[in-house]
Amino acid sequence: MRLVRHLPVTTLAAAIAVAGQAQAQTEITVATVNNNDMVIMQSLTDAFEQAHPDITLDWVVLEENVLRQRMTTDIATGGGQFDVMTISTYEVPIWAERGWLEPLDSLPDDYNEDDLLASVRDGLSLDGTLHALPFYAESSMMYYRTDLFEQAGIEMPEQPTWTQVRDWAEQLHGSEEGLAGICLRGKPGWGENMAFVSTLVNTFGGRWFDEQWNPELNSEAWNNAISFYVDLLSNYGPPGASSNGFNENLALFSRGNCAMWVDATSAAGKLYDESESDVAGTLGFAPAPIAETPKGSHWLWSWALAIPASSEHKEAAQEFITWAASEEYIELVGETNGWISVPPGTRESTYANEQYTSAAPFAGFVLNAIKEADPTDSSLEPNPYVGVQFVGIPEFQSIGTQVGQTIAAALTGDTSVEQALDSAQRATERTMQRAGYIER
C-alpha cells in the first residue's frame with residue numbers, strides 16, 4: 001500500500017502561492033549598450049524586481065556597433081528577441097514611422113512627461129507622441145587635464161578653436177610617459193568615429209548633403225577636416241587610435257593617458273568620480289572646439305528605452321522603461337551610487353536638484369550645451385536633413401558605417417585622405433541614387 005503524505009494546510013497554501021507567483025512572473029529581455037550608465041542600470045536589477053515581483057529581467061549587454069546590428073536585424077524582421085531596446089535619437093523617428101515601435105501614449109501620471117527637456121523629448125517623438133523614453137542624453141564637450149595646462153602655462157579660453165587644440169596637443173604630447181596630446185574616436189562606425197567626425201566637418205564648414213541630396217564628401221571642407229583629424233591623431237594621439245571608440249578613450253583619459261579629449265558630456269560623471277577616475281581632481285572642461293563656424297560643433301544625442309512592436313510582453317516592458325527613465329530611478333542612483341553617477345541630460349528636475357548640481361560642477365554647462373545644439377540647423381550652408389552628428393534618413397546607418405571605414409583606413413595610412421573621400425563620395429552617390437534621392 002502506498003502511503004500518502006498530507007502537508008499541513010498552511011504549508012500547502014504557501015506552496016500554492018509560490019507556485020502561482022512563479023507561473024505569473026514575466027521575463028523580459030532588455031538589450032542595452034555597455035556604457036557606464038547602463039551598467040549601473042543592470043546593477044539595480046534587484047531593486048526593480050523587488051518592486052515588481054511579477055517581472056524578471058534578462059539582460060543582453062553588447063558593444064555599441066554589435067548591439068545596433070543585432071537590434072536592427074531583429075526589429076526589421078519582427079524577430080521578437082527583445083522586449084526592450086536601447087536605441088537612439090537617430091532610430092526612434094525612423095523606426096516609429098515604420099510601425100516597428102510601440103507608441104508610448106498611455107504613460108502613468110507619475111512618469112511626469114512634462115519634466116523632460118524639450119529637445120530630448122522632441123527627438124524621441126513622432127507626430128508629438130513619444131516612442132521611446134530618454135535614459136540619458138548628451139551633447140559633446142572638451143575635457144582636459146588642468147595640471148598639465150598649468151605646468152605648460154596654457155590658459156583655456158572661453159571657446160577653444162581646433163587650431164589651438166592642435167598647438168596644445170603638440171606641446172603636451174609625451175610630456176609624461178605614455179601621455180597622448182589628445183584622444184579622439186577612431187573606431188569605425190556611424191555612431192563611433194563618425195559621430196565625432198561629423199561635428200568636426202560641420203565646424204569646418206562642411207555638410208553631408210546639399211539641398212538636393214547630392215553628397216559632398218569630397219568637398220574642400222571635408223578634405224580640410226579629415227586631413228586635420230588624421231594629422232592630429234597620427235602625430236599626437238595614442239597608439240592604435242583607429243581602434244578606440246567612446247569606452248576605450250574614456251578608459252585612457254580616466255587613467256591620465258590623454259591631455260585632452262573631445263567627446264560626450266555623459267562621460268563627465270565618471271571622470272569626476274574619484275573612485276573611478278585618476279584625473280578627477282585635475283579635470284577641466286570647455287565647449288567643443290570650433291573652426292570656421294560654431295554651427296554643428298557639438299552634437300545632440302539620447303540613449304533611450306523603446307518597446308519593439310514585436311514584443312510579447314509590452315505591458316511588463318512599459319513597467320520597466322517607465323521605472324528606468326523616471327525621477328524615482330534618478331533618486332535611486334543618487335542614493336546608491338552617488339549623485340555624480342545619475343543619468344544626465346533628460347529632466348529639468350535633475351538640474352534643479354541641489355544634490356546633483358553640488359556634486360556635478362559641469363551640470364549647468366552640460367544643460368546649456370544640450371539646449372543649444374540644433375539638429376535642424378547644423379551646418380554653415382543649408383542642408384535638407386535633421387541631425388547634428390548624423391543624417392536622419394534610413395540609409396544613413398549603412399552610409400555612415402561605410403564612410404567611417406574609409407576614414408579609419410585613412411587614419412591607419414592604408415589610403416590617402418583624398419582617396420578615402422573620393423571612395424566615400426562614389427559609394428554614397430550610388431546609395432542615394434538607388435534610394436531615389438537623386439537621379440542616376
Side-chain angles (χ1 to χ4, degrees), residues 63-66 68-69 162-163 165-166 169-170 173 180-210 213-249 252 258 261-263 289 291-292 296 299 379 389-391 393 395-435 437-438 440:
E63 184 269 334
E64 186 171 327
N65 287 341
V66 178
R68 283 203 175 99
Q69 184 178 23
W162 277 110
T163 300
V165 168
R166 180 186 57 203
E170 180 180 13
H173 186 73
I182 191 165
C183 290
L184 299 170
R185 297 189 191 192
K187 180 188 290 185
W190 71 266
E192 280 283 9
N193 64 343
M194 295 314 297
F196 167 75
V197 166
S198 294
T199 61
L200 185 69
V201 168
N202 291 340
T203 194
F204 267 78
R207 56 186 174 175
W208 276 89
F209 301 98
D210 69 15
W213 290 104
N214 296 296
E216 293 196 339
L217 279 74
N218 57 358
S219 65
E220 182 180 359
W222 269 82
N223 196 299
N224 290 342
I226 304 307
S227 296
F228 178 89
Y229 166 77
V230 169
D231 178 74
L232 183 65
L233 269 187
S234 298
N235 288 306
Y236 313 119
S242 61
S243 299
N244 293 340
F246 170 78
N247 282 324
E248 291 82 5
N249 284 323
L252 284 169
C258 308
W261 180 35
V262 180
D263 212 296
E292 300 299 320
W299 66 61
S379 58
Q389 79 282 21
F390 61 84
V391 176
I393 58 174
E395 294 76 15
F396 183 73
Q397 187 164 350
S398 60
I399 290 172
T401 296
Q402 188 167 18
V403 175
Q405 291 167 345
T406 66
I407 301 299
L411 183 58
T412 58
D414 292 339
T415 186
S416 69
V417 170
E418 291 76 10
Q419 289 171 330
L421 293 179
D422 284 342
S423 174
Q425 176 75 10
R426 291 192 298 271
T428 304
E429 283 177 347
R430 288 194 296 270
T431 299
M432 297 301 281
Q433 286 169 353
R434 285 196 299 267
Y437 288 85
I438 55 177
R440 293 178 182 272

Item to complete: Give the minimum heavy-atom separation between Ala169 and Leu232, together with the two atoms involved.
Response: CB-CD1, 4.1 Å
Worksheet item: Rounded to the nearest 0.5 Å, how far apart are CG of Leu411 and CG of Asp231?
Response: 11.0 Å
Discussion item. Applying the side chain to side chain contact (heavy atoms under 4.5 Å, CB included) criterion to Pro215, which one of Asp210, Val403, Thr431, Thr428 satisfies it?
Written reply: Thr428
Discussion item. For a side chain to side chain contact (heavy atoms under 4.5 Å, CB included) check, start with the C-alpha distance between Met432 and Ile393, then their side-chain angles and the critical distance, and finish with the verdict.
Written reply: CA-CA 11 Å; Met432 297 301 281; Ile393 58 174; 4.1 Å; yes
Discussion item. Can you confirm whether the side chains of Glu429 and Gln425 place a donor and an acceptor under 3.5 Å from each other?
Written reply: yes
Worksheet item: How about Trp213 and Val391: do any of their side-chain heavy atoms sit closer than 4.5 Å?
Response: yes
Worksheet item: Taking all non-hydrogen atoms of both residues, which atom of Asn65 and which atom of Gly189 are closest, and how far apart?
Response: OD1-CA, 4.1 Å
Item to complete: Output, in order, the C-alpha distance, side-chain angles, deciding distance and verdict of side chain to side chain contact (heavy atoms under 4.5 Å, CB included) for Val201 and Tyr229.
Response: CA-CA 10 Å; Val201 168; Tyr229 166 77; over 6 Å; no
Practice prompt. Examine distances only and state if a side-chain atom of Ser198 and a backbone atom of Ala195 form a donor-acceptor pair shorter than 3.5 Å.
Written response: no
Response to the item:
Between the CD1 atom in Ile407 and the OG1 atom in Thr415, the distance rounded to the nearest 0.5 Å is 10.0 Å
Response to the item:
In this structure, OG of Ser227 is separated from CG of Leu421 (nearest 0.5 Å) by 7.5 Å
Discussion item. Measuring only between side-chain heavy atoms, which start at C-beta, is Arg166 closer than 4.5 Å to Asn235?
Written reply: no
Discussion item. Looking at Glu64 and Arg68, is there a salt bridge between them, counting it only when a charged N and a carboxylate O are closer than 4.0 Å?
Written reply: yes
Practice prompt. Could you tell me whether Gln69 atom CD has more than 12 heavy atoms of other residues or ligands within 6.0 Å of it?
Written response: no
Discussion item. Testing the basics here: between Gly404 and Pro188, what is the closest heavy-atom pair and its distance to 0.1 Å?
Written reply: O-CB, 3.6 Å
Worksheet item: Between Thr199 and Gln389, is there a donor-acceptor pair closer than 3.5 Å when you use the side chain of the first and the backbone of the second?
Response: no
Worksheet, complete the sentence: On a heavy-atom basis, the closest approach of Leu200 and Ala225 is CD2-O, 3.5 Å
Discussion item. If you compare all heavy atoms of Glu292 against all heavy atoms of Gly205, which two are closest, and at what distance to 0.1 Å?
Written reply: CB-N, 4.3 Å
Discussion item. If I compare all heavy atoms of Glu395 with all of Ala435, which pair ends up nearest, and what's the gap?
Written reply: OE2-CB, 3.6 Å
Item to complete: Could you tell me the separation between the CG atom of Asn223 and the CZ atom of Phe204, rounded to the nearest 0.5 Å?
Response: 11.0 Å
Worksheet item: Can you tell me how far the CH2 atom of Trp261 sits from the CZ atom of Arg185, to the nearest 0.5 Å?
Response: 7.5 Å
Worksheet entry | Test log, rule side chain to side chain contact (heavy atoms under 4.5 Å, CB included), inputs Val197 and Trp190 | CA-CA 10 Å; Val197 166; Trp190 71 266; over 6 Å; no
Discussion item. When you measure from the side chain of Ser423 to the backbone of Gln419, do you find a donor-acceptor pair of N or O atoms at a distance under 3.5 Å?
Written reply: no
Worksheet item: Does Trp222 have any ring pair (Phe, Tyr, Trp, His ring centres under 6.0 Å) partners at least two apart in sequence or in another chain, and if so, which?
Response: Trp208
Item to complete: First locate atom CG of Asn244, then atom NZ of Lys187, and finally report the distance between them rounded to the nearest 0.5 Å.
Response: 8.0 Å
Fill in: Contact check, side chains of Trp162 and Val262, non-hydrogen atoms, under 4.5 Å
yes
Worksheet item: Has the side chain of Gln402 got a donor or acceptor atom that lies under 3.5 Å from a matching backbone atom of Ala424?
Response: no
Worksheet entry | CD (Gln433) with more than 12 external heavy atoms under 6.0 Å | yes
